[in-house]
Protein chains: 2
Amino acid sequence: MQGYKKKRQLAFEEREQELLYLAEELMDTLGFAALTMDKLVAACDYSKGTVYNHFSSKEDLLCAICTRSMQVELQLFERALQFNGNSREKLLALCFAYRLHALLNPTQFYCVLSAKTPAVLEKASPVRLEQQQELEQALSAVADAVFEQAVLNGELTDGRGHSAGEFTFAIWALMFGTNALFNAASEAHMLKPLSADQTLLLNTNLLLDGMKFSPLSHEHDYAQSWQRVADEIFAEEVALIKRNGE
Amino acid sequence: MQGYKKKRQLAFEEREQELLYLAEELMDTLGFAALTMDKLVAACDYSKGTVYNHFSSKEDLLCAICTRSMQVELQLFERALQFNGNSREKLLALCFAYRLHALLNPTQFYCVLSAKTPAVLEKASPVRLEQQQELEQALSAVADAVFEQAVLNGELTDGRGHSAGEFTFAIWALMFGTNALFNAASEAHMLKPLSADQTLLLNTNLLLDGMKFSPLSHEHDYAQSWQRVADEIFAEEVALIKRNGE
DNA sequence: GTCACTTATTGACGGATCGTCATAATAGTT
DNA sequence: AACTATTATGACGATCCGTCAATAAGTGAC
């Protein structure tokens, strides 16, 4: 029967989410490296075989957490787009969302970082990797659209013939790198003389200025825009972080 | 006796290098994830206890490979500085060296990437982490010096009061991110429509233009500079990569 | 309601891997 | 040669991973 299979399928997906949530929780409480398939099995109500029915390996599980992470990130992106401002400010809002996501869900960000590691890439299942790429595509598409709109609006006029995709990749790489290095630095108890937010803002300003994305940073107060994004779009989340930080 | 201890110490360090080299070789041949302490022990002439006398854990070993990697990178940086050109071209040469290093030693780059992962950071020994930070400091210092020289030369005049360190961090994050994402993409057999070199060049051009680092990219043909770096400084290595690539 | 058949679940198990530690060996000292 | 301090050894216990034969649950036919 059709309905039966559908129900079954639904239960399967629900359980997968449950397992992913549990795995994340385990990492949160026990530390990132302490996540173990055995522990996950012990913590859930299912047997090892069932868990392995969902995730072909530990790395596959990591990858799954990673894609789920990008799904919630995508939602943050959609919200960021609602920011009332010019294209460059919208892009800034996306960067804000990216950073916010990393702060809200450090564990998830760890997974994303690990998922760029060959040790994980080598062992994750092909299906999972494909899903991950699709999500990355979806996330990139959001930024692409902003760049394309900026061209239409005349905010981005440099005609060197670079595609939106290239610009998106550049800002993505910059955000990824900045966040990764920051996290590593804080994890290693390094001195952190410069505030993460300010650095992030500076870096995006430099890159977008280099794209000649007007209004340029000396023509507009993007620190204020950054603050506005925090207040007008993500007030709740920012408050949550503040509370957790203390 | 003084001389005795010294000799002993020397032998210890020599053995450590030997082990590191061996570990890297194992990763090269068996795949990144296949590196195992047991295998390393089996491959070397020492016992497990001795190996663990050098590296407190597998992650510590990874970290050690990572710092050694940065040492060779530092040498490449020194050579890059020899490039005959303006400050911005020297910085470009540094970026070239960074990329070159990742291409020449993919395994080492994997280690560097993994070393940003909390799973590794959590388990590496404090001493090792400190060494790693020192090396990062040394590498940053090279770029810092170029930025500072550029200010003295009047090539970098933007007076927004940003320190060389901030600029260095920005370009470092951009390079790290670009390389990491590229490697992950190629590992996952993703479509790669854009050439890595061109993308890298574009990204640095954008960022440095945003810093108002003259001559700006529309005032100078940095693609040519990039090629010159390849020919004049790293011809040997580039040839090696070409050969290996086929 | 029962039987045959398909699909999903279980958890014990083998094979690896990690890191430790009591024991053995080696070097230096007296 | 005897004694001490340092280093090396590899067997061992504890995990951890992933598999698979056995078991249970679900489904449709009669």
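A note on names: the letters A, B, ... follow the listed sequences, proteins ahead of strands, and every chain is numbered from 1.
- A/H54 places its NE2 atom 11 Å from the P atom of C/dA8, with the value rounded to the nearest Å.
- Rounding to whole angstrom units, CD of residue B/E59 and C1' of C/dG19 are separated by 11 Å.
- Between B/E136 and B/K116 there is a salt bridge, since a side-chain N of the basic residue sits under 4.0 Å from a carboxylate O of the acidic one.
- Look at CE on A/M37: it is 9 Å from C1' on D/dG18, rounded to the nearest Å.
- Across the protein-nucleic acid pair, B/F12 atom CZ and C/dA27 atom C1' stand 17 Å apart, rounded to whole Å.
- The distance from atom CG of A/L40 to atom P of D/dC16 is 12 Å, rounded to the nearest whole Å.
- At the phosphate of D/dA8, OP1 or OP2 sits under 4.0 Å from a side-chain N or O atom of B/N53.
- When rounded to the nearest whole Å, the span between CZ of A/F55 and P of D/dT19 equals 15 Å.
- A side-chain hydrogen bond (donor to acceptor under 3.5 Å, both in side chains) with B/T178 is found for one member of B/N183, B/N203, B/T199 and no other, namely B/N203.
- For A/K48, the listed nucleotide lying nearest its side chain is D/dG18; candidates were D/dT9, D/dG18, D/dC16.
- Between B/F147 and B/F167, the angle of the ring planes lies from 30° to 60°, which puts this pair in the tilted group.
- Comparing C/dT10, D/dT9, C/dG19 by their nearest atom to the side chain of A/S47 picks out C/dT10.
- In this structure, A/K58 reaches the D/dC17 phosphate: one of its side-chain N or O atoms is under 4.0 Å from OP1 or OP2.
- The interatomic distance linking A/D60 (CG) with D/dT19 (P) rounds to 12 Å, in whole Å.
- With distances taken from any side-chain atom of A/Y46 to the nucleotides C/dT17, D/dG18, C/dT10, the minimum falls on C/dT10.
- One interatomic measurement links the two molecules: CG of A/L26 to P of D/dC16, which rounds to 12 Å at whole-angstrom precision.
- Distances shown here put a side-chain N or O of B/R15 below 4.0 Å from the OP1 or OP2 atom of D/dA8.
- Between A/E73 and A/Y98, the shortest heavy-atom distance links the atoms OE2-CD1, 2.8 Å.
- Among C/dG11, D/dC16, C/dG19, the nucleotide with an atom closest to any side-chain atom of A/T36 is D/dC16.
- Both A/D38 and A/G49 sit near DNA chain D, but only A/D38 has its closest nucleotide nearer the 5' end.
- Within the cation-pi definition used here (under 6.0 Å to the ring centroid, within 45° of the axis), B/R15 qualifies as a partner of B/Y46.
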